[in-house]
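Below, each value reflects all heavy atoms present in this structure, side chains not excepted, and no hydrogens, waters or symmetry copies. Chain A is the first sequence line, chain B the second, and so forth, proteins listed ahead of strands; every chain is numbered from 1.
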Amino acid sequence: MDVFIAQFPRFLDATWLTIWMFVLVTTVSTLIGATLAVLAEWAGKPVSLPLSVYSWVFRGLPELIVLLGCYLALPAIGLDLGSVGSAILGFTLVGIAFQLEIFRAGLNAVDKRILEATRALGMSWWLTMRRVVLPQVIRIAMPAWATFLAGNVKIFAVASAVAVTEVMAVTRQAIAVSDQPFFLIMVAASIYAAIASILMVLEAVLSRRFSTRYGLGLRR
Amino acid sequence: MTIAAAEKSPILEVHGVVKRLGGVDILKGINFTVAEGSVVAIIGASGSGKSTLLRCLNMLIVPDDGEIVWKGQRVGWVQKGSTWVRQKEKELLGYRTQVGMVFQSFNLFPQMTALENIIEAPMTVLGRKRSEIEEEAHALLRKVRLSHRVKAYPHQMSGGEQQRVAIARALAMKPKAMLFDEVTSALDPELKGEVLTVMRELAAEGMTMILVSHEMGFVRHVADEVLFMHQGIVKERGNPSDVLVNPASAELQAFLQRVTD
Amino acid sequence: MDWTVVTSNAPLFVSATLNTVAIAAATIVLSVVIAFPLAIMRDSRFGFLRWVSAGYSWTTRAMPTLSLLFLAYYGLPQFGIYLDPVVAAITGLTVIAAGYNMEYIRVGLQAVPAGQYEACRALGIPLSIALRRLIVPQAMRTILPPLTSNLTLLLKGSALASLVAVTELSGQAMALISYTYKPIEILIAVALIYLCLNGVLVGVQRLVEQRYRLQD
Ligand SMILES: Nc1ncnc2c1ncn2[C@@H]1O[C@H](COP(=O)(O)OP(=O)(O)OP(=O)(O)O)[C@@H](O)[C@H]1O
Ligand SMILES: [Mg+2]
C-alpha cells in the first residue's frame, strides 16, 4: 500500500500514457484501415491480395513480436523511434490489419444490388460510396469495431516489454521494491479493466443501437 | 369402452391446478380425472393453456396451486410430518418415466439413429442392457411401421416418420400413460394419417392417453372424454359425440366452426 | 544480412517452438475443461453461481492477459506460492482462455433447441447424463468453430510467457537478440515460425468448419 501511494503519480502518468496511445492508435488505424478497405474494393485483386497477406501476417503475429520488430529491428536499419514511438507504430500496424478486415466485412455485407440501382440513377462511383455505401458500412461495422476496441485496450500492457512506461511497466518497477506484488498487479489490472469496461459499455450501447434501429444482426 | 373405463379407479387426478406465467394466470383451476385405459382429448383455441396443462401433468413445469395425483399419490410433493415439501427435479424423474410425452416438434436427438434414439433412455435411465433393449426397440419400430428406418438419422426421415420414432422412444420406457401435445400439427396432411393410425392402435391396446389435438375426426372416434379449454378453464366436457355435436357454449360453437372450416 | 545466427542456433529455435506448442496445447485443454462448468453455471438456477460465472467472464475479458501471468508469477509469491515459470504462464493463459471459451460453450449450449432439454426431462434422463450424452455432443458443432478460430489468439497469447521468464519462441528470440545483436534475422525467423504455426491452425479450423458444414 505504501508503495502504491508513493508511486501514485507515476501510475497516473502511466494511465494517461496508456489512454492517449490507445486513442491515437485507434484513430490512425481506423482511418487507414477503412481507407485501405475501400481502396481494395475499388482497385480489385492487385491491391486486395497484398492487403490480405498484410492483414493475415499482422493478425497472426504476436503483438510482442511486432513491437520487438519496431523497437529492435528498425534501429538496425537506421530508424530509431524510441520506445513509445515503436509501440505506437507496432500497435498501429496490427490495428490496421484488424480494422481492414472489419471494414471489408462491412463492405461485403452491403447489398450489391444497391450499386446497380445507383448506377441506374446516374450516380458516380465516389458519390455512391460517400452517400450510399459508406453510411451503411459504418452502421454494419460499428458493433464489430466496438467489440475490437473493448478487447484491444488491454493488449497495450504488452508495451511494457519495449520499455514504455505504461501501467504494467510502472507496476513491474514498483513490485521490485514492494512486498505486496499481488496487490500492485491487481491495481494495474483494474486500471486496464476500468478502461476496458467503459469500452464494453460503449460496445453494448453501439451494438444495441445499430442492431435495433437498422434491423441488423438481431439476436435472441 | 367408456363404461368399462369409467368403472375403474382413476390413474390420474387433477385438482384445482393453477399456473401463472409471466404474471398472467394461464391455468385458472383445472379439474378432471383420467381412468386407467381411457383416452382424454383436450381441445381449445391457441393460447387457451392446453400445452401448459400437459406440461404441468408431468411436472415439466410446476403448478402454482392445486395438485396432481398419480395412482393415489400426490405428484411433486412429499409429506414430511404435517407439512408438504416440494420434490427436487431428480426425484421427479421416476414419475416422468411412467408418463411418456410426445411433442409437436418431435425433439428427436439429431445425432442419433432411430434405434439409438429409442434405446438411449432405457439404457441410461433404467440401466438396462443394450442387447436386451435393442430387441424391444426393433419390436417398437415394427409397431410404428418403421422397421426399414432403423439406422436412419432424424434429418433423413419425414416428419411423420420422425414423430413415429418419437412415439416409439416414449413407449420404450414402458409408460403407464402417454401425453401427446398436438403431435400432428407440424405435419403435412398426408403424413398426419400414419401418426394418427399408430395412436389409434395404442388406444385400442388400452394405453391411457391424454392428448391435445385439432383433429376433430380423430378425437370423435378415439376419445372417451373431451375437455374444451377456454382462457385457462375447462369450459365444457363430456362424451365427444355429445360435446362436439351439441356444443353448449358459444365459444365451443365458434371454435368448432373454425377448426372444421 | 547474416543468417548464420539462425542456422547455427536452429536447435534452440526448435526447442523453443516445441515449448510454444506445448504451452498453447496445455492451455487449450485446461481452459476448455474449466470453461464447461463455468458455462453451465452461467445459466444456473442459483443466482450466486450465475453471478460468480458472469463476474469471471467479465474479469477475464477486461483484464490484460499479461496481468494474469504477472499475478501468477510475481503476485502469488506474496502468499508463499512459488510457481515454475511455465506453470505460471499456463495458469495465467488458462484463466483468460477459459473466460473466452465459456462464452462459446454457453452459446453452443443455448443453440441446442429447448425441445431437446425438454425431451430429456420428459424421458426422465437426469441433467448430468443428458448434458454429457445428448446436449453437449449437439452443442459441439456450434462450439468447435469459434473455439478453433480462437486458437490463433491463444498462440499469440503464449508469446507473453516470455515476459515471465519462459524460453518459448519469443523468449528465445529476445535472449538471442540480446547477445548476438542480430534483431532483424532473428525476428524474421521467429515471425515465420509463428506464421507457419498459425497456418496449421487455420488448416485445423477449415477442417472443423468443413466437417460441420457437411453434416448439415
Ligand atoms: N413461459 C411463459 N411465460 C409467459 N407466458 C407464457 C409462457 N408460456 C406460455 N405462455 C402463455 O400462456 C398462454 C397459453 O399457452 P399454451 O402454450 O399453453 O397454449 P396452447 O393452448 O397450447 O396454445 P397452442 O394451441 O398455440 O399450442 C399463451 O398465451 C402463452 O403466450
Ligand atoms: Mg400448445
Side-chain angles (χ1 to χ4, degrees), chain A residues 18 53 56-77 94 147 150-151 153-161 166-169 171-172 175-176 178-200 219-220, chain C residues 1 20 58-79 81 96 100 107 110-111 152-163 168-171 173-174 177-178 181-188 190-199 201-202:
Chain A
T18 307
V53 175
W56 188 71
V57 168
F58 280 92
R59 284 181 305 134
L61 285 180
E63 289 81 0
L64 178 61
I65 294 293
V66 179
L67 292 199
L68 289 176
C70 297
Y71 185 61
L72 299 176
L74 287 186
I77 55 168
V94 174
T147 304
V153 221
K154 50 190 198 152
I155 205 67
F156 278 70
V158 179
S160 61
E166 53 67 71
V167 179
M168 203 50 80
T171 308
R172 229 176 143 174
I175 60 182
S178 160
D179 53 358
Q180 292 185 313
F182 197 91
F183 167 74
L184 285 172
I185 300 166
M186 278 307 274
V187 169
S190 312
I191 293 175
Y192 272 106
I195 305 174
S197 299
I198 293 171
L199 289 165
M200 282 187 211
R219 271 173 289 172
R220 276 189 300 152
Chain C
M1 283 210 217
T20 288
W58 171 78
T59 313
T60 52
R61 278 193 304 141
M63 277 191 177
T65 310
L66 188 58
S67 68
L68 274 139
L69 295 183
F70 279 9
L71 281 178
Y73 188 65
Y74 297 116
L76 287 182
Q78 183 182 333
F79 309 111
I81 303 168
I96 290 281
Y100 283 89
V107 168
Q110 285 176 342
T152 311
L153 230 65
L154 223 143
L155 177 67
K156 287 167 63 171
S158 74
L160 299 179
S162 62
L163 302 179
E168 41 63 80
L169 261 178
S170 305
M174 290 197 277
I177 290 170
S178 72
Y181 210 71
K182 294 268 184 255
I184 300 180
E185 295 85 343
I186 290 166
L187 285 174
I188 289 179
V190 167
L192 287 177
I193 298 176
Y194 272 116
L195 291 177
C196 287
L197 291 176
N198 202 16
L201 292 182
V202 171

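Of the listed residues C/Thr59, C/Ile188, C/Thr152, C/Asn198, the one with more heavy-atom pairs under 4.5 angstrom with chain A than any other is C/Asn198. Interface summary for chain A: among C/Ala159, C/Pro64, C/Pro183, the most heavy-atom pairs under 4.5 angstrom belong to C/Pro64. Interface check for chain C: of the options A/Ser197, A/Ala76, A/Gly69, the most heavy-atom pairs under 4.5 Å are formed by A/Ser197. The most heavy-atom pairs under 4.5 Å with chain C, out of A/Ala194, A/Ala196, A/Pro181, come from A/Pro181.
Under the rule for a side chain to side chain donor-acceptor pair (under 3.5 Å), the partners of A/Arg172 that lie at least two apart in sequence or sit in another chain are C/Tyr74.
Between C/Phe70 and A/Ile175 there is no side-chain heavy-atom pair separated by less than 4.5 Å.
For C/Ser162, the part lying near chain A is the side chain, with the backbone staying farther off; criterion is any non-hydrogen pair under 4.5 Å. Contacts of C/Tyr73 with chain A are absent, with no heavy-atom separation under 4.5 Å from either backbone or side chain. Using a 4.5 Å cut-off between heavy atoms, A/Thr171 makes no contact with chain C at all. For chain A, the nearby parts of C/Ile184 are the backbone and the side chain; heavy atoms of each come within less than 4.5 Å. Contacts between A/Ala188 and chain C at a heavy-atom distance below 4.5 Å are absent for every atom of the residue. Residue C/Thr20: no heavy atom, backbone or side chain, is found under 4.5 Å from chain A. With a 4.5 angstrom heavy-atom cutoff, C/Leu76 touches chain A via backbone and side-chain atoms both.
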Using residues 58-67 of chain A as the side-chain source, report each donor-acceptor pair under 3.5 Å to any protein atom, sequence neighbours left out, with the distance given to one decimal.
unit_1, atom_1, unit_2, atom_2, d
A/Arg59, NE, A/Ser55, O, 3.2
A/Arg59, NE, A/Ser55, OG, 3.2
A/Arg59, NH2, A/Ser55, OG, 3.4
A/Glu63, OE2, C/Lys156, NZ, 3.4

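The two residues C/Leu71 and A/Met186 make their nearest non-hydrogen contact at CD1-SD, 3.6 Å. Across every non-hydrogen atom of A/Met200 and C/Trp58, the tightest pair is SD-CD1, 3.9 Å. Closest approach of A/Ile185 and C/Ser67 over heavy atoms only: CG2-O, 3.5 Å.
Not one N or O on the side chain of A/Lys154 forms a donor-acceptor pair closer than 3.5 Å with the backbone of C/Leu66.
The CD1 atom of C/Ile81 lies 8.5 Å from the CZ atom of A/Phe182; values are rounded to the nearest 0.5 Å. Within the model, atoms CG of A/Leu199 and CZ of C/Arg61 stand 12.0 Å from one another, a figure rounded to the nearest 0.5 Å. From C/Leu187, atom CG reaches atom CG of A/Leu74 across 10.0 Å, with rounding to the nearest 0.5 Å.
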